[in-house]
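Proteins get letters first, then strands, A, B, ... in listed order; numbering begins at 1 in each. If you're wondering where the values come from, they're calculated on a predicted model, not measured in any experiment. What you see below is based on every heavy atom in this structure, not just the backbone, and it leaves out hydrogens, waters and symmetry mates.
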4 protein chains.
Amino acid sequence: MATSAASVLDDQATHSFAKDQLKAIVERIERLEEEKKTISDDIKDVYGEAKGNGYDVKALRTIIRMRKQDANERAEQETILETYLQALGML
Amino acid sequence: MATSAASVLDDQATHSFAKDQLKAIVERIERLEEEKKTISDDIKDVYGEAKGNGYDVKALRTIIRMRKQDANERAEQETILETYLQALGML
Amino acid sequence: MATSAASVLDDQATHSFAKDQLKAIVERIERLEEEKKTISDDIKDVYGEAKGNGYDVKALRTIIRMRKQDANERAEQETILETYLQALGML
Amino acid sequence: MATSAASVLDDQATHSFAKDQLKAIVERIERLEEEKKTISDDIKDVYGEAKGNGYDVKALRTIIRMRKQDANERAEQETILETYLQALGML
DNA sequence: GGCTTTGTAAATCGTC
DNA sequence: GACGATTTACAAAGCC
């Protein structure tokens, strides 16, 4: 079966487009991952610096983790409150 | 033993300083972790968007991973090359 | 190089042993995973039964999760206490 | 509106019952989850022990996973067979 | 039935 | 460089 000149062009265009789109996606992700790595390194630096100033890194991590937990818990409390209000027909 | 007025002030100053420094460290880390989370979410968004456009997310991740490996390998090759050049007194 | 009759037997014995040992490990793990699956199914049954008695499964899960969090938190509090005591040279 | 003495008792009884039932459900689930965790830990122990005997844990996991897949496939084959037998009126 | 959430596995990183 | 701890990726389960 023959393929018309038009459809060949279409195929090429479509193919090109797909390739460009994929490339764009990959590059966006790689760009973001680089930024993420930069920040991770910054965090490591802060811990390292703190350690240099006599802080116990493990304790610091514990503090950070607990504060995050507290935040999560507050969020959950709100969720529960909403659930109750919902159950009481107050929302 | 008595504590002089001066040392009380010193203690307070020292204590205040330690507290402020700790607070600063914690806040810097939390700030950075927030930024990191933002970027992680952005990455998820890109994958989600790609999925919406018909891409297979797992395959995309594989591509990203392979390209990272390739980059690492290239970097390693360069390291080896430099080592040789160094050994040959050409650097 | 020749291989004595004894070492052939040794090799076989060693090989057999290795094979049996590997088999034993695999079977122990598979046995445990079966048990684990049984329990998971039991848990699902309890939730299903509760649902049949008019309980809101999602709410039940929230209760279970919160109680677990509380337990974790208590455990962490103890960890922190120990850390402080350690720091104070009291352990 | 007034509430009769009888209905107060009923309410209390009902309330007590509901509370006890909920408590029973929660405790059953927590009990089962504990058992599940115990088994998970046992599995980890087996892997750890195997590692101590020179086995490669990742390879072991691969074996387990493949055998599970094979089992699933066998199960699927049986399902297909049953379907055929059913279709042929032989079940 | 897909889409999010949760649990598990793998990989990475810092430590000793 | 092996080990444990943390982070990240994958898989499974539950919910809509």
Side-chain angles (χ1 to χ4, degrees), chain A residues 29 32-33 36-37 39-52 55-66 68-69 72 75-76 79 83, chain B residues 29 32-33 36-37 39-52 54 56-66 68-69 72, chain C residues 29 32-33 36-37 39-48 50-51 55-62 64-66 68-69 72 76 79 83, chain D residues 29 32-33 36-37 39-49 51-52 54-66 68-69 72:
Chain A
I29 292 172
L32 288 167
E33 293 204 334
K36 195 175 152 192
K37 180 159 191 356
I39 294 178
S40 291
D41 291 344
D42 287 350
I43 293 173
K44 274 179 210 143
D45 287 348
V46 176
Y47 278 116
E49 188 182 324
K51 188 177 182 179
Y55 287 92
D56 177 54
V57 172
K58 191 175 173 184
L60 277 178
R61 286 188 190 277
T62 303
I63 292 171
I64 300 283
R65 189 174 352 115
M66 286 182 61
K68 202 188 291 179
Q69 264 202 5
N72 290 341
E76 179 140 30
T79 302
T83 303
Chain B
I29 292 172
L32 288 167
E33 294 203 333
K36 196 177 152 190
K37 181 165 190 345
I39 294 178
S40 291
D41 290 345
D42 286 349
I43 293 174
K44 278 194 199 108
D45 286 349
V46 177
Y47 278 117
E49 190 183 323
K51 186 179 182 178
D56 179 57
V57 171
K58 193 175 171 182
L60 278 178
R61 285 187 191 278
T62 302
I63 292 172
I64 301 283
R65 199 185 326 127
M66 287 176 64
K68 202 188 288 178
Q69 267 203 1
N72 288 341
Chain C
I29 292 172
L32 288 167
E33 293 203 334
K36 196 174 150 191
K37 180 162 191 352
I39 295 179
S40 291
D41 291 344
D42 287 349
I43 292 174
K44 272 181 211 142
D45 287 347
V46 176
Y47 278 117
K51 188 178 182 178
Y55 286 93
D56 178 53
V57 172
K58 191 175 173 184
L60 277 178
R61 287 188 189 277
T62 302
I64 300 283
R65 191 176 350 117
M66 285 181 64
K68 201 187 291 179
Q69 264 202 6
N72 288 341
E76 180 137 34
T79 302
T83 302
Chain D
I29 292 172
L32 288 167
E33 294 203 334
K36 196 176 152 190
K37 182 166 189 346
I39 294 179
S40 291
D41 291 344
D42 287 348
I43 293 174
K44 278 194 200 107
D45 287 347
V46 176
Y47 278 117
E49 190 183 322
K51 186 179 182 178
Y55 287 93
D56 179 57
V57 172
K58 192 176 172 183
L60 278 178
R61 286 188 190 278
T62 302
I63 292 173
I64 301 282
R65 199 186 324 127
M66 286 177 63
K68 201 188 290 179
Q69 267 203 1
N72 289 341

Listed pairs under 3.5 Å, donor-acceptor, residues 57-64 of chain D side chains, sequence neighbours left out:
unit_1: D:Thr62; atom_1: OG1; unit_2: D:Lys58; atom_2: O; d: 3.0

Return a single string for nucleotides 9-16 of chain E, one symbol per nucleotide in 5' to 3' order, where B is base contact, S is sugar-phosphate-only contact and - is none, cutoff 4.0 angstrom on heavy atoms.
SSS-SSS-

Just the endpoints, please: which first and last nucleotides of DNA chain F, 5' to 3', lie under 4.0 Å from a heavy atom of chain B?
F:dT8 to F:dA11

Name the atoms and distances for all side-chain donor-acceptor pairs under 3.5 Å in residues 40-50 of chain B, with sequence neighbours left out.
unit_1: B:Ser40; atom_1: OG; unit_2: B:Lys36; atom_2: O; d: 3.2
unit_1: B:Asp41; atom_1: OD1; unit_2: B:Lys37; atom_2: NZ; d: 3.2
unit_1: B:Asp41; atom_1: OD2; unit_2: B:Lys37; atom_2: NZ; d: 3.0
unit_1: B:Glu49; atom_1: OE2; unit_2: A:Arg28; atom_2: NH1; d: 3.4

C:Lys51: what forms a salt bridge (charged side-chain N to carboxylate O under 4.0 Å, His left out) with it, not counting sequence neighbours?
none

Residue pair A:Leu32 / B:Ile39: nearest heavy atoms and the distance that separates them:
O-CG2, 3.3 Å

